[in-house]
Amino acid sequence: RPTLAFDIGGTKMLVALVEGDRVLATREEPTPRAADAEAWCDRVAALAEAFKGDFDAAGGCVTGVVQNGLWTALNPETLPIPPGFALGEGLARRLGVEVTLYNDAQAAAWGEYRFGAGAGADLVFLTVSTGIGGGVVLDGRLRTGKSGIAGSAGLTRLIGPTGRGALLESAASGPAFAAGATEAGIGGDAIAVFAAAEAGDPRADEIIDRSAALVAAAIENMNWLFDPDVFVLGGGIGLAKGYRERIEHRLAELPPLARPVLRAAALGKHAGVIGAADLARHKS
Ligand code: BMX
């Protein structure tokens, strides 16, 4: 029987009916930005109404960290989650089944490991989106760490000439694109920046390049730590036209020994729900 799976991100919420690596049906809507976790649960349950009676298990993934069913933001700018919100309980009550929960990028890493661009390999998954999330699968196991935060690449610290710099995601993800767009007089969000770059605007090109350079450096650093078979790139920005190529261009300069392998997420924007559904079935 299919599994109900959902993905609550900083920008959108996706609810899907999943069987193995097949997404049978989806419902999607923007994530309300107001810090109202009860409302987010209500919306997920409302979207899941369409699939009532079709599932007997549920698994979800969310931006932020989940520990024992309790949900907390790592970076409240990505989504202002009230600290320690009882998400597992709230959704189990609304959906009528137990709900297995993971971080969004960790679930996506598992999805790509099971069915996608890193099937059977040691992999590090990265999503460049509202924030920058990450997940690590080594020796066939999703590594969530002692606190559930393993892989949170967006929270890693940039090191500038004076020491402690910005968070990677503050400098390179969605909000950085929006800030860059305002500054350059383009306006709008990352989508507008990619459109402007396509139309030949050099300022847009620069904004994309700056983000890609920072993410390339993060990949270079993580490669020294894990030396995985493959890095898998996802997320709205990560999968936008030309973005991965810009990163690859930089990685190509590294010596062969330290050169990461980079692939696009094969499951695209469904990596999270496919991974979450599989984790709910098998409990990695
Ligand atoms: C942030 C953090 C991660 C998340 C990543 C991508 C929060 C709320 N989120 O680094 O847990 O995986 O963003 O999230 O602290 P997305 O919403 O951009 O997909």
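All residue numbers refer to positions in the sequence shown, counting from 1. Keep in mind the model is a prediction, meaning the values are calculated, not measured. Start at 1 and go down the list; that is how both ligands and their atoms are numbered.
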Inset, instruction - Check Asp104 against ligand 1 and report side chain, backbone, both or neither, counting heavy atoms closer than 4.0 Å. - result: side chain
Legend entry - N or O contact, Gly154 vs ligand 1, cut-off under 3.5 Å: no
Inset, instruction - Around atom 17 (O) of ligand 1, find the nearest protein heavy atom and jot down its residue, atom name and distance. - result: Gly10 N, 2.8 Å
Inset, instruction - With heavy atoms of Leu155 as the reference, note each atom of ligand 1 found under 4.0 Å away. - result: 10 (O)
Inset, instruction - Record the part of Thr11 in heavy-atom contact with ligand 1 below 4.0 Å; permitted values are side chain, backbone, both and neither. - result: neither
Inset, instruction - Look at atom CD of Glu248 and say whether more than 12 heavy atoms of other residues, nucleotides or ligands are closer to it than 6.0 Å. - result: yes
Legend entry - For Gly133, atoms of ligand 1 separated by under 4.0 Å from a heavy atom: 5 (C), 6 (C), 12 (O)
Inset, instruction - Select one of side chain, backbone, both or neither to describe which atoms of Leu74 lie under 4.0 Å from any atom of ligand 1, heavy atoms only. - result: both
Legend entry - Nearest heavy atoms of Val18 and Ala5, plus distance in Å: CG2-CB, 4.0 Å
Inset, instruction - Run the salt-bridge test on Arg141 and Asp139 with the 4.0 Å N-O cut-off and return the result as yes or no. - result: no
Inset, instruction - Quick one: which residue pairs count as a ring pair (Phe, Tyr, Trp, His ring centres under 6.0 Å) with a foot in residues 144-181, not counting sequence neighbours? - result: Phe177-Phe194
Inset, instruction - Just jot down the ligand 1 atoms closer than 4.0 angstrom to any heavy atom of Asn103, in number order. - result: 3 (C), 4 (C), 11 (O), 12 (O)
Inset, instruction - Check Arg157 against Arg164 and note the closest heavy-atom contact, atom names and distance. - result: NH2-NH2, 2.7 Å
Inset, instruction - Compare every heavy atom of Asn103 with every heavy atom of Val66, then report the nearest pair and how far apart it is. - result: CG2-N, 4.3 Å
Legend entry - Greater than 12 external heavy atoms within 6.0 Å of Leu24's CG: yes
Legend entry - Taking atom 1 (C) of ligand 1 as the reference point, the nearest protein heavy atom with its distance: Glu169 OE1, 3.1 Å
Legend entry - Leu254, CG atom: more than 12 neighbouring heavy atoms under 6.0 Å: yes
Inset, instruction - Among all protein heavy atoms, pick the one closest to atom 9 (N) of ligand 1 and tell me residue, atom and distance. - result: Thr63 OG1, 2.9 Å
Inset, instruction - Look only at interatomic distance and state if Val65 has a nitrogen or oxygen under 3.5 Å from any nitrogen or oxygen of ligand 1. - result: no
Legend entry - Ligand-residue contact atoms, ligand 1 with Thr130, heavy atoms, under 4.0 Å: 18 (O)
Inset, instruction - Give the residue and atom name of whichever protein heavy atom lies nearest to atom 3 (C) of ligand 1, and the separation in Å to one decimal. - result: Gly64 N, 3.7 Å
Inset, instruction - Would you mind listing which atoms of ligand 1 come within a distance below 4.0 Å of any non-hydrogen atom of Gly9? - result: 17 (O)
Legend entry - Residues which pass side chain to side chain donor-acceptor pair (under 3.5 Å) with Glu29, listed by chain and number, not counting sequence neighbours: Arg43
Inset, instruction - Give the residue, atom name and distance (to 0.1 Å) of the protein heavy atom nearest atom 18 (O) of ligand 1. - result: Gly131 N, 2.8 Å
Inset, instruction - Could you grab the distance from atom CZ of Phe51 to atom CG of Leu95, nearest 0.5 Å is fine? - result: 12.0 Å
